[in-house]
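Taking it in order: structure first as structure tokens, then the write-up.
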There are 2 protein chains.
Amino acid sequence: MNRQPAVLGQMVDTMLSRCRAAGLNVTPQRVAIYRALLEATDHPTPEMLYQRVRPTMPSLSLATVYKVLEALAELGVVQEIAVRNDNKRYDGNMERHHHLVCSKCRKTTDLYDADLDAVEPPSSLKGFRAEAVTVQITGLCSACAPPKGKAR
Amino acid sequence: MNRQPAVLGQMVDTMLSRCRAAGLNVTPQRVAIYRALLEATDHPTPEMLYQRVRPTMPSLSLATVYKVLEALAELGVVQEIAVRNDNKRYDGNMERHHHLVCSKCRKTTDLYDADLDAVEPPSSLKGFRAEAVTVQITGLCSACAPPKGKAR
DNA sequence: ATATATGCAAAGCTTTTGCTGAAGA
DNA sequence: TCTTCAGCAAAAGCTTTGCATATAT
């Protein structure tokens, strides 16, 4: 992410306050994994973070990396990118369309919208050859949205 | 996808021509799985399609569903939605940003762009409560783009 | 002291692979 | 006939879980 060290420390501080606010312990593992993620530029997988942190923390286990990332995501200081990844999902629809993704039940719905179709990639993609633009809107679907205590 | 039966048959025909053009056999499994996907409105997983087709084709195996979907995706009549799903990937970046996804090597790069940040969800989301809008641009990254025969 | 988290090992799923017999062209 | 494919079973990955010990507050 190419941050200044000072900014990085500040982000760690924020993370620590949120841990405390949520009643979570501050552990060296949490700090190390979070720092490693902040320093990364490549959207690392849990396994990748594990490899990166282990040299300075040999006792670290992969299961802990999974648990820490889950906790950090819940704190809102880290995000799982793209659609929350459970298993493969297919679409027989090759028309231009977009997706509504429920962050709770993960249901994905097609969305057709001419305005969104009109979204153009920026010209400054430095070497990246754009082929398709898809807009993904995350939020709560009608079943999960109202506080009617439904899904879990 | 709520199509008219006639349109559905037409899509199947297109799929069949593409199979032939690509030197792939037309098999009842391919037709049945493709039809089931076209009839679905819920972005089914391979397992879900397996369950739906099996009643009319009890000998079907799950491995075949995987293979058929892969073949259909290669033909371009079906798509795997969202970021091609290998394993979990995280981002320590909670700022508003978008993604450039290479369809070949799957590398995902952050993209900051004010114009894309300005994309608004349509107002007509019928019950869906939008929280975030992310634009995903798929294409070929600089390493994979030129016909320099690199990745595979 | 007490609650929470780590590490380990095992279990659970999803997805892939190798092979043989069956089916399509 | 000859090539391609389906079905099966086993293997391979990735992720989650349960539990005992260690750690944070």
Side-chain angles (χ1 to χ4, degrees), chain A residues 12-13 15-34 36 43-51 53-75 77-78 80-90 106 152, chain B residues 12 15-36 43-75 78 80-90 106 152:
Chain A
V12 173
D13 288 345
M15 184 274 268
L16 297 185
S17 340
R18 296 221 194 164
C19 277
R20 294 193 191 95
L24 298 182
N25 290 350
V26 169
T27 67
Q29 288 85 346
R30 284 179 178 160
V31 175
I33 292 167
Y34 183 55
H43 303 281
T45 61
E47 174 71 31
M48 289 158 89
L49 289 169
Y50 175 58
Q51 298 298 346
V53 174
R54 216 163 37 149
T56 56
M57 189 180 277
S59 65
L60 184 69
S61 82
L62 182 56
T64 297
V65 178
Y66 275 95
K67 289 170 188 165
V68 166
L69 289 170
E70 192 184 342
L72 295 180
E74 194 142 343
L75 285 181
V77 295
V78 142
E80 216 177 301
I81 64 172
V83 166
R84 176 160 163 186
N85 156 321
D86 43 4
N87 40 28
K88 294 200 170 189
R89 287 183 170 263
Y90 286 89
R106 288 172 322 200
R152 203 278 121 170
Chain B
V12 172
M15 184 274 265
L16 297 184
S17 338
R18 294 220 195 166
C19 276
R20 294 193 192 96
L24 298 182
N25 289 351
V26 169
T27 68
Q29 288 84 348
R30 285 180 178 157
V31 175
I33 293 168
Y34 183 55
R35 288 193 82 98
H43 302 281
T45 61
E47 175 70 32
M48 289 158 88
L49 288 169
Y50 175 57
Q51 297 299 345
R52 291 173 199 182
V53 175
R54 215 163 37 150
T56 55
M57 189 181 278
S59 64
L60 183 69
S61 82
L62 182 56
T64 296
V65 178
Y66 276 94
K67 290 171 188 164
V68 166
L69 289 170
E70 193 184 342
L72 295 181
E74 194 142 345
L75 284 182
V78 142
E80 216 177 300
I81 65 171
V83 166
R84 177 162 161 182
N85 155 318
D86 42 5
N87 41 28
K88 293 199 169 191
R89 287 183 169 263
Y90 285 89
R106 288 172 323 203
R152 203 281 118 170

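Fair warning: this is a prediction, and the values are worked out from it, not measured in the lab. Reckoned from all heavy atoms, side chains included, excluding hydrogens, waters and symmetry mates. Sequence lines set the chain letters: A, B, ... in the order given, protein chains first and strands last, and positions in each chain run from 1.
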Next item on the list: Could you tell me whether the phosphate oxygens of D:dT23, OP1 or OP2, come under 4.0 Å of any side-chain nitrogen or oxygen in A:Gln29?
Entry: no
Check: Can you name the nearest heavy-atom pair linking B:Leu60 to B:Arg54, along with the distance?
Finding: O-CD, 4.1 Å
Notebook entry, point to check: Considering all heavy atoms of both residues, which atom of A:Asn25 and which atom of A:Arg30 are nearest to each other, and what is their separation?
Noted result: O-NH1, 2.7 Å
Margin query: With a 4.0 Å limit, can you tell me whether A:Ser61 has a side-chain N or O closer than that to the phosphate oxygens OP1/OP2 of C:dT6?
Written below: no
Check: Whole-Å distance between C:dT4 P and A:Glu74 CD?
Finding: 14 Å
Item checked: Heavy-atom side-chain contact between A:Leu69 and A:Leu49 under 4.5 Å -> yes
Note to self: Can you confirm whether B:Glu74 is buried at CD, in the sense that more than 12 heavy atoms of other residues, nucleotides or ligands lie under 6.0 Å from that atom?
What the structure shows: no
Margin query: Measuring only between side-chain heavy atoms, which start at C-beta, is A:Leu75 closer than 4.5 Å to A:Leu24?
Written below: yes
Check: For the pair made of CG in A:Leu69 and P in C:dA5, what is the distance, rounded to whole Å?
Finding: 15 Å
Next item on the list: Among D:dG7, D:dT15, D:dA6, find the nucleotide with the atom closest to the side chain of B:Val68.
Entry: D:dA6
Check: When the distance from CE of A:Met57 to C1' of C:dA5 is rounded to whole Å, what number comes out?
Finding: 12 Å
Margin query: Could you tell me how far apart A:Tyr50 (OH) and C:dC8 (P) are, to the nearest whole angstrom?
Written below: 8 Å
Checklist line | From C:dA9, C:dT15, D:dC8, nucleotide with atom closest to A:Ala63 side chain | finding: C:dA9
Item checked: For atom CZ of A:Arg30 and atom P of D:dT23, their distance in whole Å -> 15 Å
Item checked: Whole-Å distance separating the NZ atom of A:Lys67 from the C1' atom of D:dC14 -> 15 Å
Item checked: Residue pair B:Met48 / B:Pro44: nearest heavy atoms and the distance that separates them -> SD-CA, 3.7 Å
Check: Looking at residues 15-28 of chain A, who's got a heavy atom less than 4.0 Å off DNA chain C?
Finding: A:Leu24, A:Asn25, A:Thr27
Check: Between atom CG in A:Leu60 and atom C1' in C:dA9, what is the gap in whole Å?
Finding: 16 Å
Next item on the list: May I ask you to test the B:Val65-B:Val53 pair for a side-chain heavy-atom distance under 4.5 Å?
Entry: no
Checklist line | Euclidean distance, atom CD of residue B:Glu70 to atom C1' of D:dT4 [Å, nearest integer] | finding: 15 Å
